[in-house]
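Throughout, residue positions are numbered sequentially from 1 according to the sequence presented. The structure displayed is predicted, hence computed values, not measured ones.
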Amino acid sequence: MNFEDYRGVWVFIEEKDGAIAPVSLELLGAGRQLADKRKTELAGVLIGENIGALAETAFEYGADKVYVYDSPIYRFYRTETYMRAMLACVEKHKPEILLYGATSTGKDLASAVATDLPTGLTADTTQLDVEEDTGLLLASRPAFGGNIMATILCKKYRPQMATVRPKVMKALPRRPGASGAVVEECIPLKEEDIRTKVLEIVRSTTRHVRIDEADVIVAGGKGLGSPAGFKVVQQLADTLGAAVGASRDVVEAGWVDHHRQVGQTGVTVTPKIYFAIGISGAIQHLVGMQNSGLIIAINKDPAAPIFQACHYGIVGDALTIVPMLTEAFKSALERKEEADAGKV
């Protein structure tokens, strides 16, 4: 394998309901930094039906070039069709680095492509960098149950590939009117040659609170002692109109549902305010919330790692402190309501 043949940073641009998935915009921001460091171009790969117009959005968020596979056969995501398109594009144009969002689609596609090329794949990456001279991708992620951060290299194969968790990277500010090169690609695929068929798309009817979209999250951990103790988290969240989050230990103990779990094996969140109550701050949890705007920690252990990651910390018994905070917020909100009513 001649590494000199491989150039450029690519992002798989995932389309969802006619728009680019937010994680892909975030990856374009991260990819732009890697490409600039390597003094090379940033390209996106768009696969779908009637998705050509989305290339303009990719340019506005940092891409120099977009490879487009636009056909009815790509209307729905199927591993086989998308994998064939991506393999053909990689083998033809040879990128040095290829990034995917760690979504159900991105993870499925990345693993299939990595197996067939073959090359390495770092999953659920939370930090990215590249060696300017060698081009080695430095893909870091928690390992050994979240106890350490491991930086993984792919020294012998190209392209170097990684899936990146949503919300851990930041999209660049939009540049309206930015343009780039659109490369229309096509491979000979017939529906009768594809082994899987999409008969129907059934949208989930279960309504869960999307904690990854919340502006304020009140999260609790095993330091609250019991499901009864965890109720103080819910009470504070209700007062603030916030979403409820939880650590992995709380979810595994059955105190709350899995969709509320924050961390490496849960959801990555970036709220404006994050309350970490009775949460020790293991790295597995920190990688899921460390980019929050304001982190407030309450823990009775002054040596808890969460105090190294928070902006404000309170050392003490959460079962005593949180109810006091809840009452203080209630009083402040009531005064605000009275003041607003007096202005009308």
Just verifying a value: how many Å separate L98 CG and E96 CD, rounded to the nearest 0.5 Å?
12.0 Å
CA sep, side-chain torsions, deciding dist, call: E80, R84, salt bridge (charged side-chain N to carboxylate O under 4.0 Å, His left out):
CA-CA 6 Å; E80 188 174 2; R84 289 194 189 184; 2.8 Å; yes
Kindly work out whether a path of hydrophobic side-chain contacts (I/L/V/M/F/W/Y, heavy atoms less than 4.5 Å apart) joins Y74 to Y77.
yes
E41 and K65 ion-paired at < 4.0 Å:
yes
Evaluate the side-chain proximity of N299 to F307: yes if any heavy-atom separation is below 4.5 Å, no if none is.
yes
May I ask you to say whether E60 pairs ionically with R175, meaning some side-chain N is under 4.0 Å from a carboxylate O?
no
With distance as the sole criterion, is a donor-acceptor pair present between the side chains of Q290 and H285 under 3.5 Å?
no
Is it the case that atom CD in E49 sees more than 12 heavy atoms from other parts of the structure closer than 6.0 Å?
yes
Pair E14, T103 - check side chain to side chain donor-acceptor pair (under 3.5 Å), show working.
CA-CA 9 Å; E14 185 175 341; T103 61; 2.7 Å; yes
Take K231 and D238 through the salt bridge (charged side-chain N to carboxylate O under 4.0 Å, His left out) test and state the conclusion after the steps.
CA-CA 10 Å; K231 289 181 180 179; D238 289 344; over 6 Å; no
Within the distance-only criterion (no hydrogens, no angle test), does the side chain of K39 pair as donor or acceptor with the backbone N or O of E132 below 3.5 angstrom?
no
Return yes when atom CD of E185 has more than 12 non-hydrogen atoms of other residues, nucleotides or ligands closer than 6.0 Å, and no otherwise.
yes
Six-ring centre of Y6, R158 cation under 6.0 angstrom, axis tolerance 45°
no
List the atom of G281, the atom of L286, and the distance in Å for their closest heavy-atom pair.
O-CD1, 3.3 Å
For K94, does the NZ atom have more than 12 heavy-atom neighbours from other residues, nucleotides or ligands under 6.0 Å away?
yes
Exercise: do T270 and S292 side chains pair donor with acceptor under 3.5 Å:
no
Is there a path from I51 to Y82 through hydrophobic residues (I, L, V, M, F, W, Y) whose side chains come within less than 4.5 Å of each other?
no
Taking the side chain as C-beta and beyond, is there a heavy-atom pair between V90 and P95 under 4.5 Å?
yes
Is a side-chain donor or acceptor of T40 paired with a backbone partner of G8 at a separation under 3.5 angstrom?
yes
Can you hop from L121 to V168 via hydrophobic side chains spaced under 4.5 Å?
no
Do the non-hydrogen side-chain atoms of V45 and I47 ever get within less than 4.5 Å of each other?
yes
Scan side-chain atoms only and decide if S247 and Q261 contain a donor-acceptor pair under the 3.5 Å cut-off.
no
Between atom CE of M86 and atom CZ of F12, what is the distance when rounded to the nearest 0.5 Å?
5.5 Å
Taking C-beta and beyond as the side chain, do L99 and L128 meet within less than 4.5 Å on heavy atoms?
yes
Can you tell me if OH on Y157 sees more than 12 non-hydrogen neighbours from other groups inside 6.0 Å?
no
For atom NZ of K190, decide whether the heavy atoms of other residues, nucleotides or ligands shown that lie under 6.0 angstrom number more than 12.
no
What I want to find out is whether E131 reaches K37 closely enough, with some N-O distance under 4.0 Å, to be called a salt bridge.
no
With a 4.5 Å limit on heavy-atom distance, are the side chains of I277 and V322 in contact?
yes
Just wondering, do R38 and R7 contact through their side chains at under 4.5 Å, heavy atoms?
yes
Are Y67 and I20 joined in one hydrophobic group, where the rule is that I, L, V, M, F, W and Y side chains link up if heavy atoms are under 4.5 Å apart?
no
Given D108, T105, T196, the one that forms side-chain hydrogen bond (donor to acceptor under 3.5 Å, both in side chains) with T79
D108
I would like to know whether H259 and I211 meet side chain to side chain contact (heavy atoms under 4.5 Å, CB included); could you show each step before the answer?
CA-CA 8 Å; H259 70 272; I211 61 173; 5.7 Å; no
Is it the case that atom OH in Y312 sees more than 12 heavy atoms from other parts of the structure closer than 6.0 Å?
no
T125 versus S140, closest heavy-atom pair with distance:
CG2-O, 3.2 Å
Quick check: are there more than 12 heavy atoms from other residues, nucleotides or ligands sitting under 6.0 Å from NZ of K272?
no
Joint cluster assignment, V256 & V216, ILVMFWY side-chain distance < 4.5 Å
yes
Closest heavy-atom pair, A63 versus V66, reported as atoms and distance to 0.1 Å, is CB-CG2, 4.4 Å
Can you classify the ring geometry of F230 versus W255 as parallel (below 30°), tilted (30 to 60°) or perpendicular (above 60°)?
perpendicular
Nearest heavy-atom pair of A55 and V182: which atoms, and what distance?
CB-CG2, 4.1 Å
Atom of R78, atom of I194 and distance for their closest heavy-atom approach:
NH1-CG2, 3.6 Å
Evaluate T239 against Q235 for side chain to side chain donor-acceptor pair (under 3.5 Å), listing each step before the verdict.
CA-CA 6 Å; T239 298; Q235 292 164 355; over 6 Å; no
On a heavy-atom basis, the closest approach of L42 and G62 is CD2-O, 3.4 Å
